[in-house]
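One structure below.
So you know, we letter chains A, B, ... as the sequences are listed, proteins then strands, and number each from 1. The basis for the numbers below is simple: all heavy atoms, side chains too, and nothing from hydrogens, waters or symmetry mates.
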Amino acid sequence: MKNLEIEEILYEIADILEIQGVEFKPGTYRKAARNIETLGEDIREFYKKGKLKDIPGVGEHIAKKIDEIIETGKLDYLEKLRKEIPRHLSELLQIQSLGPKKAKILYDKLKIDSLAKLEKALEQHKIQSLEGFGEKSEQDILERLKLMKKGQERMLLGLALPIAKELKSKLEKLKQAKKIVIAGSLRRKKETIGDVDILAVSAHADEIMDYFTSMDDVSKVLAKGPTKSSVLLNSNLQVDLRIVKEDEFGAALQYFTGNKDHSIKTRLLANKLGYKLSEYGLFKGKKRIAGKTEQEIYKKLKMQCPEPEIRENTGEIEAALENKLQKLIPYNSIKGDFHTHSNYSDGSSTMKEISDAALNIGYEYICIADHSKSSRIAHGLDETKLLKKLDEIKELNKSYKKFKILKGAEVDILKNGELDYSDDILKKLDIVLASVHSSFKMPEKEMTERISAALSNKQVDILAHPTSRMFGQRPEINIDLEKIFEVCKKNKIYPEINSTYTRMDLKDTNIRKALEHGLKFCIGTDAHNANQLENIEIGVSQARRGWCGKKDIVNTSSLKELGKFFRKIS
DNA sequence: GCCGTTTTCGGCCCGACTGTTTTCAGTCG
């Protein structure tokens with residue numbers, strides 16, 4: 001994909017222009033870059049059709065620049081800018097608390113144009129005597145530089161969520177706190193989290209802030225004020241806490257949930273209607289006309305209230321204005337899990353433990369789908385073992401009344417596109433999941449053919465973790481997803497939304513793409529022990545980010561209705 | 001440089017916190 005390269009160029013232009021003190025243009029370049037980032041499609045498709053200007057924030061001039069990058073692989077304008085500003089000066093902007101103005105001063109006065117030179121100057125205490133800097137800012141910049149070198153990577157949703165929930169319950173125990181809510185990208189359930197935003201309603205802000213900034217786990221207090229404080233935890237995770245009044249709660253929540261583009265756009269909308277929107281409310285002149293809830297604010301803006309997971313400024317505002325947003329799948333609407341592993345293969349719980357846990361959650365069914373024989377590392381089952389397992393399921397099912405264990409398998413798609421079990425074996429299963437577990441680096445054409453071949457087998461029901469990405473381990477496999485979705489549609493196959501927090505596969509933008517093909521999905525936890533069944537929350541949030549309603553997700557159906565979706569279940 | 005049920009020209013979100021200052025500029029979200 002060319003997108004990443006183009007984004008980076010546009011961001012670099014923005015940084016340089018900003019350091020040069022150019023007004024407004026940096027914002028324009030950043031906006032265009034962000035919109036390309038969230039495009040979810042190869043920008044060369046827009047280029048080929050001559051439709052670059054259809055991308056929001058891309059106008060005549062930026063479109064021309066993108067043309068040049070695609071055609072020649074470089075951009076004269078950027079080369080020219082780089083000559084005006086030292087190559088690495090913009091890397092100073094990566095440091096929190098250093099912005100364009102201060103970076104410019106550092107360069108003008110001390111010829112600092114790289115992080116290395118900055119560090120040296122800090123150690124020699126040359127910074128504190130500069131105009132606008134002092135002892136404290138020198139110390140602060142040094143600390144943040146060290147932090148950055150340690151690497152402040154974004155944290156995966158599945159890791160940040162439990163930390164945030166624990167913080168929330170700690171704060172809830174304070175009697176001064178009336179309401180504690182998680183906002184920000186965590187509320188939007190973005191797949192990675194930069195920091196945790198918590199919003200509180202209280203009339204005793206001081207006491208809460210004192211507690212918050214002195215918690216055991218706090219390694220540094222970044223800011224502390226009566227309405228807003230920021231701390232860094234030992235895990236390097238930044239947590240921001242804001243305290244607002246009851247009447248402002250909805251406005252504050254709307255603002256702190258974001259994302260940034262969504263907030264800005266709603267504020268612009270407010271302006272157009274003659275209002276002013278801030279985190280304190282929606283105002284007409286000095287009079288607050290809404291602010292207690294998000295719903296009343298959006299209502300005054302003459303639009304539906306988009307659910308947090310889709311507030312990314314990727315079309316939700318336009319849809320909400322036209323009253324075209326469908327209700328997203330509710331978190332409590334899942335009736336069963338199609339993807340779990342028992343100790344027959346690489347799971348650690350017995351089939352009984354898994355099904356009892358499922359029953360306990362309130363599920364009506366659970367599909368236990370262990371690995372097939374080629375997955376040796378995962379102790380995949382050979383035919384004999386599989387048949388034994390099916391017998392055991394039959395026995396176990398006798399002990400349940402309104403609950404059923406479905407006979408499943410996660411069958412490897414072999415390198416040649418064949419499945420790892422014969423049709424005769426597959427026919428004995430209720431549900432067949434097919435997935436790729438080997439030769440991840442195949443070229444796109446070959447991989448697409450491999451998967452398409454597997455999906456043309458009539459026994460297959462679900463394509464599990466379709467792109468096989470693993471955060472920090474391997475990227476998405478090379479496939480033409482559009483083609484795969486067409487094959488799914490033709491053969492009545494459901495792509496999976498895998499809930500494992502290191503997978504989250506399909507991802508949000510791909511789910512939206514699949515929806516356009518008229519596909520339905522199965523959400524699966526890929527649980528390897530009974531406790532992991534609760535990870536379904538991650539999958540549902542991902543489905544919501546992909547704009548799915550209840551009807552788009554097969555496992556919102558009751559046990560009785562499953563026959564409508566799976567050919568081997570009656 | 002982009003964009004338009006206020007505009008094809010003239011706007012471009014809005015407020016808190018910090019440090020360095022004597023009233024504010026810079027940065028962040």
Side-chain angles (χ1 to χ4, degrees), chain A residues 10 13-14 17-19 21-35 52-66 77 92-106 127-141 144 183-185 188 193-199 205 209 213 221-231 238-244 248 251-252 254-283 301-303 313 318 321-322:
Chain A
L10 296 180
I13 294 174
L17 291 175
E18 188 134 55
I19 291 169
V22 178
E23 279 194 299
F24 303 115
K25 281 193 197 182
T28 310
Y29 277 96
R30 288 211 178 98
K31 195 190 277 176
R34 271 200 302 275
N35 285 327
L52 283 171
K53 286 204 274 182
D54 285 3
I55 302 168
V58 175
E60 196 187 330
H61 294 85
I62 293 185
K64 253 191 200 158
K65 292 185 173 79
I66 297 174
Y77 177 63
L92 300 187
L93 303 184
Q94 295 166 30
I95 298 176
Q96 286 239 339
S97 82
L98 264 193
K101 300 272 164 45
K102 289 190 168 174
K104 181 97 186 325
I105 295 174
L106 290 173
I127 308 283
Q128 51 178 284
S129 52
L130 294 177
E131 201 186 326
F133 292 81
E135 223 171 302
K136 274 193 173 174
S137 38
E138 189 177 86
Q139 188 60 31
D140 189 51
I141 293 169
R144 294 190 199 233
S185 52
R188 302 200 313 279
I193 303 300
D195 58 19
V196 176
D197 288 296
I198 299 179
L199 195 62
M209 288 307 191
T213 50
V221 177
L222 298 170
K224 188 184 176 190
T227 63
K228 179 182 160 183
S229 294
S230 259
V231 300
Q238 184 178 324
V239 186
D240 298 343
L241 174 65
R242 344 253 170 164
I243 297 182
V244 298
E248 305 161 345
Q254 195 272 338
Y255 176 59
F256 294 125
T257 296
N259 72 358
K260 192 173 178 179
D261 288 342
H262 179 94
S263 295
I264 291 176
K265 204 156 193 177
T266 44
R267 286 181 176 198
L268 285 170
L269 258 174
N271 292 350
K272 277 177 193 157
L273 293 168
Y275 305 139
K276 189 187 75 169
L277 178 62
S278 76
E279 53 263 54
Y280 298 105
L282 184 67
F283 294 88
L301 296 178
K302 299 195 168 88
M303 61 194 284
N313 190 28
E318 292 75 7
L321 283 166
E322 290 176 25

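Partners of A/Asp240 under the salt bridge (charged side-chain N to carboxylate O under 4.0 Å, His left out) rule, at least two apart in sequence or in another chain, are A/Arg242. Here A/Lys272 pairs with nothing under the side chain to side chain donor-acceptor pair (under 3.5 Å) rule; sequence neighbours left out. Under the salt bridge (charged side-chain N to carboxylate O under 4.0 Å, His left out) criterion, A/Arg267 pairs with A/Glu279, sequence neighbours left out.
Evaluated for a side-chain hydrogen bond (donor to acceptor under 3.5 Å, both in side chains) with A/Glu18, the options A/Lys101, A/Lys25, A/Arg30 yield exactly one hit, A/Arg30.
Mapping A/Ile95 and A/Tyr275 onto DNA chain B by nearest heavy atom places A/Tyr275 closer to the 5' end of the strand.
Rounded to an integer number of Å, the gap from A/Lys25 NZ to B/dG1 C1' is 6 Å. In this structure, CG of A/Leu282 is placed 12 Å from P of B/dC14, rounded to the nearest angstrom.
Rounded to a whole angstrom, the distance from the P atom of B/dT21 to that of B/dT27 is 15 Å.
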Could you list the donor-acceptor pairs under 3.5 angstrom formed between side-chain atoms of residues 127-136 of chain A and any protein atom two or more places apart in sequence or on another chain?
unit_1	atom_1	unit_2	atom_2	d
A/Gln128	NE2	A/Glu138	OE1	3.0
A/Ser129	OG	A/Lys126	O	3.4

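Among the protein residues, A/Lys101 comes within range of the sugar-phosphate backbone only, with heavy atoms under 4.0 Å from sugar or phosphate atoms but none that close to a base.
Distances shown here put a side-chain N or O of A/Lys276 below 4.0 Å from the OP1 or OP2 atom of B/dG15. Phosphate contact (OP1/OP2 of B/dA16, side-chain N/O of A/Tyr280, threshold under 4.0 Å): present.
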Margin query: Treating primed atoms plus P, OP1 and OP2 as sugar-phosphate and everything else as base, which nucleotides of nucleotides 3-9 of chain B get B, S or - for protein heavy atoms under 4.0 Å?
Written below: S--B---
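Under the Watson-Crick or G-U wobble criterion, with both distances below 3.5 Å, B/dT8 has no partner in any strand shown.
The environment of NZ in A/Lys65 is crowded: more than 12 heavy-atom neighbours from other residues, nucleotides or ligands sit within 6.0 Å.
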Could you list, one pair per line, each protein nitrogen or oxygen that sits under 3.5 Å from a nitrogen or oxygen of nucleotides 17-21 of chain B, together with the distance?
unit_1	atom_1	unit_2	atom_2	d
B/dC17	OP1	A/Pro226	N	3.4
B/dC17	OP1	A/Thr227	N	3.0
B/dC17	OP1	A/Thr227	OG1	3.0
B/dC17	OP1	A/Lys228	N	2.9
B/dT18	OP1	A/Lys224	N	2.5
B/dT18	OP1	A/Lys224	O	3.2
B/dT18	OP2	A/Lys224	O	3.2
B/dT20	OP1	A/Gly134	N	2.4
B/dT20	OP1	A/Gly134	O	3.2
B/dT20	OP1	A/Glu135	N	3.4
B/dT20	OP1	A/Ser137	N	3.4
B/dT20	OP1	A/Ser137	OG	2.7

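A donor-acceptor contact under 3.5 angstrom links the side-chain atoms of A/Tyr255 to the base of B/dG29.
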